[in-house]
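Written below as structure tokens is the structure these notes are about.
First the proteins, then the strands, lettered A, B, ... as listed; each starts at 1. Owing to the predicted nature of the structure, the values given are computational and were not obtained by experimental measurement.
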Amino acid sequence: MTDIKISATALTVQPCIDWALSAKSGGIDIFIGTVRDMTKGKKVVRLEFEAYESMAVSEMKKIANEAMAKWPVHKILIHHRTGVLVPGDIAVIIVVAAAHRDAAFDACRYAIDTLKKTVPIWKKEVFEDGEEWVAARP
Amino acid sequence: MTDIKISATALTVQPCIDWALSAKSGGIDIFIGTVRDMTKGKKVVRLEFEAYESMAVSEMKKIANEAMAKWPVHKILIHHRTGVLVPGDIAVIIVVAAAHRDAAFDACRYAIDTLKKTVPIWKKEVFEDGEEWVAARP
Amino acid sequence: MKVLAFGIVKEIMGGASVAVDANISVAALQASLEQQYPRLKQLSAFMIAVNGEYAGPDVIVKPGDEVAIIPPVSGG
Amino acid sequence: MKVLAFGIVKEIMGGASVAVDANISVAALQASLEQQYPRLKQLSAFMIAVNGEYAGPDVIVKPGDEVAIIPPVSGG
């Protein structure tokens with residue numbers, strides 16, 4: 001079972017965990033990615049996330065399906081924010097429920113690592129004295 | 001910073017996450033261990049957890065301190081239940097907050113793997129037709 | 001036909017979509033876009049997606065396809 | 001002196017603590033416990049903790065120490 005979402009409004013963790021918990025799954029691994037207040041020594045004012053939504057959702061579904069094929073996991077949830085976020089805000093939540101913990105950890109880490117490589121979402125870091133699209137330049 | 005607890009009452013996830021979230025930590029990994037309804041093909045009625053509390057807390061603190069020495073992480077929380085649990089109940093919550101996700105994943109997995117080896121907590125599985133202290137026999 | 005632009009590419013092109021010729025390969029489309037917008041060459045790379053899937057250099061872009069320019073992603 | 005028992009050891013000994021001699025090594029204590037409670041030999045292993053720390057075989061158990069028998073742990 002998968003739950004994939006791009007959201008322009010605040011992500012909340014508890015409903016994601018409630019969705020994943022069941023008496024079948026003894027191990028649940030959750031990754032939360034938040035906006036840090038500093039990057040490379042510079043103070044972050046805000047981040048602006050933009051997504052190619054239809055493709056982002058389809059790439060996130062691929063990641064979830066691949067993870068379910070590679071590891072014995074029951075449920076995978078991937079929620080990602082778009083819009084303007086300030087330090088402390090949640091940018092991404094990934095939840096993986098499995099019978100045993102090893103599969104949950106492996107699949108969760110695979111999901112976030114792959115998301116950062118393949119899902120068409122972009123973030124612009126806005127500093128006090130400038131701004132930059134992350135990873136755009138060599 | 002660490003938050004270590006043995007609890008005879010239900011564990012709740014959201015307060016653990018609230019404790020861990022901050023604008024300094026961009027990556028939070030959370031492990032939740034719950035009681036499964038089946039083990040080795042047998043239906044589980046309940047689990048009974050017993051702890052040597054003072055030593056369990058001190059061993060859990062050691063794990064948190066070792067993880068903070070091994071990886072660049074900001075906060076580690078380990079909460080473990082005692083008493084009677086039924087399938088679906090939460091037995092353990094581990095939360096690790098770090099600037100970057102790799103350290104959070106590594107430290108969280110280290111914490112649960114080590115807890116299962118060193119912390120003096122025991123569980124008895126109660127089935128419909130018998131009971132068994134887990135791992136006690138060869 | 002139109003191609004969609006996102007992130008830094010949208011800024012380079014000055015808009016969310018631009019018009020290009022259809023019935024050319026993805027490789028030819030990339031070359032044509034770089035000629036039209038030399039600042040694209042300053043990116044570490046950019047991919048082309050056709051109908052929501054990453055497309056290899058030999059794929060032919062047809063009228064009616066949804067074509068998008070994908071600069072290096074940075075979600076998460 | 002008394003030693004604390006937990007989990008399956010508590011069931012084997014019929015209580016949460018038993019009286020044993022002090023001023024002996026951990027190894028000697030383990031042997032003495034196995035003699036008194038032969039079912040302890042059916043466990044995969046059991047450790048001794050002294051004052052809340054796992055103790056090696058040569059540690060001497062003194063009166064006033066908090067001594068505990070630790071069967072294989074199974075938390076998490």
Turns out that what part of Glu11(D) lies under 4.5 Å from chain B's heavy atoms comes down to side chain

Donor-acceptor under 3.5 Å (Tyr52(B) side chain, Ala49(D) main chain): no

What pairs with Asp3(B) under side chain to side chain donor-acceptor pair (under 3.5 Å), at least two apart in sequence or on another chain? His79(B)

Glu59(B) versus chain D, the contacting section by heavy-atom distance below 4.5 Å: side chain

CE of Met55(B) to OH of Tyr54(D), rounded to nearest 0.5 Å, is 4.0 Å

Name the region of Ala51(B), side chain, backbone, both or neither, that has any atom closer than 4.5 Å to a heavy atom of chain D. backbone

Nearest 0.5 Å, please: how far is CD in Glu50(B) from CD1 in Ile8(D)? 11.5 Å

Pick one of side chain, backbone, both or neither for Val134(B), based on which atoms fall under 4.5 Å of a heavy atom in chain D. both

Between Trp122(B) and chain D, with a heavy-atom cut-off of 4.5 Å, which part of the residue counts as in contact: side chain, backbone, both or neither? both

Tell me, which pairs form a side-chain hydrogen bond (donor to acceptor under 3.5 Å, both in side chains) where one or both residues lie in residues 19-43 of chain D, sequence neighbours left out? Arg137(B)-Gln42(D)

Using only non-hydrogen atoms and a strict under-4.5 angstrom cutoff, which residues of residues 12-44 of chain B touch chain D? none

For chain B, which residues from residues 62-76 of chain D lie under 4.5 Å away (heavy-atom distances)? Glu66(D), Ala68(D), Ile70(D), Pro71(D), Pro72(D), Val73(D), Ser74(D), Gly75(D), Gly76(D)

Ala91(B), part contacting chain D, at a heavy-atom distance under 4.5 Å: side chain

